[in-house]
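Here the structure is laid out as structure tokens; the discussion comes afterwards.
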Amino acid sequence: MHLAHSERVAANLFRMTNSTSPVRVRYAPSPTGIPHIGNIRTALFNWLLARNTDGQFIVRFEDTDRTRYDERSERAIFESLEWLGLEWDEGPDKGGPYAPYIQSERKQTYIDAAERLVNSGHAYYDDTTPEQLHALRERQRAAKQPQRYDGRGRHRSPEEIEESRKAGLPITIRLKVPDHGTVSFEDAVRGKVSFELKEIDDFVILKSDQMPTYHLAHIVDDKAMGITHVIRAEEWISSTPRHLLIHEALGIEPPIYVHASLILSKDRSKLGKRHGATSALEYRDRGYLADAVFNFIALLGWSPGDDTEVMSRDEIVRRFSIDRINDSPAIFDNEKLEWMNGVYIRNMSVDALVAELLPFMERPEAEGGLLDTVSRPIDRHYLTRLIPLVQERLKLLTEGVETLDFFFADNVNPAAEDLPGRKMDAEMTERALNAALELCRTVAPFEPERLEAEYRALAEKIEMKPGQLFSPIRVAITGKSFAPPLFDTMSAIGQDRCIDRIENAILILRSAAVTGA
RNA sequence: GGCCCCGUCGUCCAGCGGUCAGGACACAGCCCUUUCAAGGCUGAGACCGGAGUUCGAUUCUCCGCGGGGCUACCA
């Protein structure tokens, strides 16, 4: 109680110094597909502003286009947000004071608003058919004219509309847009943006299926839900004048507009399916940590103002501000994300890393997990012992499998040509392995320090460089030419299995000598 | 085509009239080292072009050029 109070005081103080009052922002995806990283960054920016100002973050489904509706995407939207820890205060699943948060369930509100606009003379019914619209555009294109609706519906009488309605023609409602003048607004990241009204035609606000267009619907909802800031991607700039016009016609104040730049793909085109992983969920499945992705995409189009890059969620929330959002597009650089993921992995506690790694390792072999012959569940204590050996070597969680598989496998089958170290022939390699095997049988205790001391002495005794002796042993025991530190590895694998693997390697080497020569 | 947005190393970001133009990823070299990493040091690498404004432009203005977005009864 006492603590909570002082926290609140601190928050208020911060708000004062930051001169920002609580905002209400929303993430309003349309359930037409899996949210990609750009969508998610928009959600993140909204969430960050809400948390920074102690405001509310709302999720709302914009499903007014029922032809493109995709049921699975609703689940994916929630999952993406949950994975990144962008919890919402109000939304389709949890309700809230302005429920419902699904546009298709608010249909009547939009019809009312549109009809109000007709009655106030700001909008009108239009019975132009899609075919007529198409013909109009064709004509305009042929004449090299801009392709715009010509406002013919403005002149239709109520009787004519009624007739068309009875005849079953599709009726829409269009906004009456003045044919001259300018609209402008103050974008929070770009400053003043202006448009000529003559460039804008009378656009549809209510479709013939009685569903609103995005333009009408989001404005009605944002107003009803008390949204203060609209943070969205740059692609919306050109329709913002339409939104301003609707606000004006409705007699309401527009929100503060914040247009963040697009995230581009490696080839400078819009992020899309063919550019590898693009959905947040795919990053999760590819072994990226939510914290790392969170940190990384926050930095795509925003920066704290200095050179700080690796930041905790709290720090990002604390330092976030709209005026540090970038106005130029960013290219998504996977290499840097990978690096950052590695940083996060290295900074994790062993237990946390074990928890993250387990699901990846326990997946079926066919899906990238350990060999199916390794029994599940995986021995958590054993894995915990191994983590310190590989933690600083991992960049992705998925790499845990290939990095640790030989610890779990019954045996290992290196290729004969991989066994010799640098400047070693088969004979020398076999000599090294024989000596190694003999020593392996007697070392006690089978601990890293002891092993290292004994094997270094052995190298000297058989007149090889330590690296020359160690290389074949490493390959014999791990099946790979690069692996965690050898003696820690041997100790973890255990004396018996080490003996088996070295014996096996010697056999492999001999049989290769026979068949090879 | 029209309208709008954007333009600093390959990439992300800092710079907000005077800086040896800074940091990070990636890259190269060296050090460390039993391999691979991690870490340390060093290096290479950018203000799209042209006019203005100014004592002085990466920074302000304009014009080009380049990139992107929009141009639906999709969002």
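Heavy atoms only: backbone and side chains are in, while hydrogens, waters and symmetry mates are out. In what follows, chains are A, B, ... by sequence order, proteins preceding strands, each numbered from 1.
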* Structure fact -> Exactly one candidate in A:Phe294, A:Phe332, A:Phe296 meets ring-ring contact (aromatic ring centres under 6.0 Å, His included) with A:Tyr283; the answer is A:Phe332
* **Nearest-angstrom distance from the residue atom CG of A:Leu404 to C1' of B:rC36** => 13 Å
* When we call it a touch if two heavy atoms are under 4.0 Å apart, what does A:Ser194 touch: a base, just sugar-phosphate, or nothing? -> sugar-phosphate
Under 3.5 Å, side-chain donor or acceptor atoms of residues 213-220 of chain A against the rest of the protein: list the pairs with distances, not counting sequence neighbours.
residue  : atom : partner  : partner atom : Å
A:Thr213 : OG1  : A:Val204 : O            : 3.1
A:Tyr214 : OH   : A:Arg232 : NH2          : 3.2
A:His215 : ND1  : A:His243 : NE2          : 2.8
A:His218 : ND1  : A:Tyr214 : O            : 3.0
A:His218 : ND1  : A:His215 : O            : 3.3
A:His218 : NE2  : A:Arg232 : NH2          : 3.3

* Can you name the residues that form a salt bridge (Lys or Arg N to Asp or Glu O under 4.0 Å) with A:Arg174, not counting sequence neighbours? -> A:Asp126
* Asked: Does B:rC27 have a Watson-Crick or wobble mate here (both distances under 3.5 Å), and if so which one?
  -> B:rG43
* **Residues A:Asp150, A:Arg139: salt bridge by 4.0 Å N-O rule** => no
* N or O in side chain of A:Arg324 less than 4.0 angstrom from B:rA14 OP1/OP2 -> yes
* Electrostatic pair A:Glu452:A:Arg456 at N-O distance under 4.0 angstrom -> yes
* **Test: A:Asp222 and A:Arg60 ion pair at under 4.0 Å** => yes
* Hey, are A:Asp221 and A:Arg106 close enough for a salt bridge, meaning a charged N less than 4.0 Å from a carboxylate O? -> yes
* **Contact state string [nucleotides 63-75 of chain B, B base, S sugar-phosphate only, - no protein heavy atom under 4.0 Å]** => ----SSSS--BBB
* **Any N/O donor-acceptor pair, A:Lys336 side-chain to B:rA26 base, under 3.5 Å** => no
* Using the P atom in both, what is the distance from B:rC60 to B:rC3, to the nearest Å? -> 24 Å
* Asked: With a 4.0 Å cut-off on heavy atoms, is A:Val475 in touch with a base, just the backbone sugar-phosphate, or nothing at all?
  -> nothing
* Asked: Which part of the nucleic acid, if any, lies within reach of A:Gly421 when heavy atoms closer than 4.0 Å are counted: base, sugar-phosphate only, or nothing?
  -> nothing
* Structure fact -> So, with a heavy-atom separation below 4.0 Å from RNA chain B, the residues of residues 452-467 of chain A are A:Arg456
* Under 3.5 Å, is there a donor-acceptor pair linking the side chains of A:Asn39 and A:Tyr27? -> no
* Which residues satisfy the side chain to side chain contact (heavy atoms under 4.5 Å, CB included) test with A:Lys107, sequence neighbours excluded? -> A:Ile111, A:Gln210, A:Met211
* Asked: Expressed as a whole number of Å, how far does the C1' atom of B:rC9 sit from that of B:rC48?
  -> 14 Å
* To do: State whether A:Lys207 and A:Asp209 are salt-bridged, where the test is any N-O pair (Lys NZ or Arg NE/NH1/NH2 against Asp/Glu carboxylate O) under 4.0 Å.
  => no
* Does the pair A:Glu138/A:Arg141 count as a salt bridge with the N-to-O cut at 4.0 Å? -> yes
* Pairwise 5' ranking along RNA chain B for A:Phe470 and A:Phe296, keeping only the more 5' one -> A:Phe296
Between the protein and nucleotides 20-22 of chain B, which nitrogen or oxygen pairs are less than 3.5 angstrom apart?
residue : atom : partner  : partner atom : Å
B:rG22  : N2   : A:Asp307 : OD1          : 3.2

* Hey, does A:Ala330 reach any base, or is it just sugar-phosphate, or nothing, if we go heavy atoms under 4.0 Å? -> sugar-phosphate
* Measure the distance from NZ on A:Lys192 to C1' on B:rC6 and round it to the nearest whole Å. => 19 Å
* Which residues pass the salt bridge (Lys or Arg N to Asp or Glu O under 4.0 Å) test with A:Arg116, sequence neighbours left out? -> none
* Asked: Rounded to the Å, how far apart are A:Met311 CE and B:rA24 P?
  -> 15 Å
* Take atom CG of A:Asp327 and atom P of B:rU8, then tell me their distance rounded to the nearest Å. => 10 Å
* To do: Using heavy atoms and a sub-4.0 Å distance, could you list which residues of residues 337-350 of chain A are near RNA chain B? By number, please.
  => A:Trp339, A:Arg346
* Asked: Looking for any heavy atom pair under 4.0 Å, which part of the strands does A:Pro304 touch: base, sugar-phosphate only, or nothing?
  -> nothing
* To do: State the pairing partner of B:rG18; accept Watson-Crick or G-U wobble contacts with both distances under 3.5 Å, and report none otherwise.
  => B:rC55
* **Rounded P spacing from B:rU58 to B:rA21 in Å** => 11 Å
* Asked: Any donor and acceptor pair, going by atom type alone, linking the side chain of A:Glu399 with main-chain N or O of A:Lys395 inside 3.5 Å?
  -> yes
* To do: Taking only the side-chain heavy atoms of A:Ser328 (C-beta and beyond), determine which of B:rC4, B:rA37, B:rC6 contains the nearest atom.
  => B:rC6
* Structure fact -> With sequence neighbours left out, the residues meeting side chain to side chain contact (heavy atoms under 4.5 Å, CB included) with A:Asp201 are A:Arg148, A:Tyr149, A:Phe203, A:Arg242
* Are A:Arg450 and A:Glu447 close enough, and set up right, to give a salt bridge (charged side-chain N to carboxylate O under 4.0 Å, His left out), and what steps lead you there? -> CA-CA 5 Å; A:Arg450 183 76 193 183; A:Glu447 301 294 338; over 6 Å; no
* Which whole number of Å gives the distance between the C1' atom of B:rU8 and that of B:rG22? -> 11 Å
N/O to N/O distances under 3.5 Å, protein versus nucleotides 57-59 of chain B:
none

* Asked: Between B:rU34 atom P and A:Glu449 atom CD, what is the distance in whole Å?
  -> 16 Å
* Structure fact -> Scanning all shown strands, the Watson-Crick or wobble mate of B:rA38 with both distances under 3.5 Å is none
* What is the distance from CG of A:Asn326 to C1' of B:rC16, rounded to the nearest Å? -> 13 Å
* To do: Tell me, please, which residues at least two apart from A:Arg268 pass salt bridge (Lys or Arg N to Asp or Glu O under 4.0 Å).
  => none
* To do: Find the partner of B:rG66: check Watson-Crick (N1-N3 plus N6-O4 or O6-N4) and G-U wobble (N1-O2, O6-N3) distances, both under 3.5 Å, and reply none if neither fits.
  => B:rC6
* To do: For nucleotides B:rG1 and B:rU59, find the distance between their P atoms and express it as a whole number of Å.
  => 28 Å
* **Results of salt bridge (Lys or Arg N to Asp or Glu O under 4.0 Å) for A:Glu460 - residues two or more places apart only** => none
* Asked: Any side-chain donor-acceptor pair under 3.5 Å between A:Tyr69 and A:Glu74?
  -> yes
* Whole angstrom value for the distance that separates P of B:rC4 from CD1 of A:Ile200 -> 11 Å
* Asked: Any side-chain heavy atom of A:Trp302 sitting closer than 4.5 Å to one from A:Ile316?
  -> yes
* To do: In whole angstrom, give the distance that lies between atom NZ of A:Lys395 and atom C1' of B:rA26.
  => 11 Å
* Checking all strands, does A:Leu486 fall into the base, sugar-phosphate, or nothing category for heavy-atom contacts under 4.0 angstrom? -> base
* Write down the distance separating the C1' atoms in B:rG39 and B:rC20, rounded off to the nearest Å. => 28 Å
* Counting only Watson-Crick or G-U wobble pairs whose two distances fall under 3.5 Å, which nucleotide matches B:rC32? -> none
* To do: For B:rC31 versus B:rG49, give the span between their C1' atoms, rounded off to a whole number of Å.
  => 44 Å
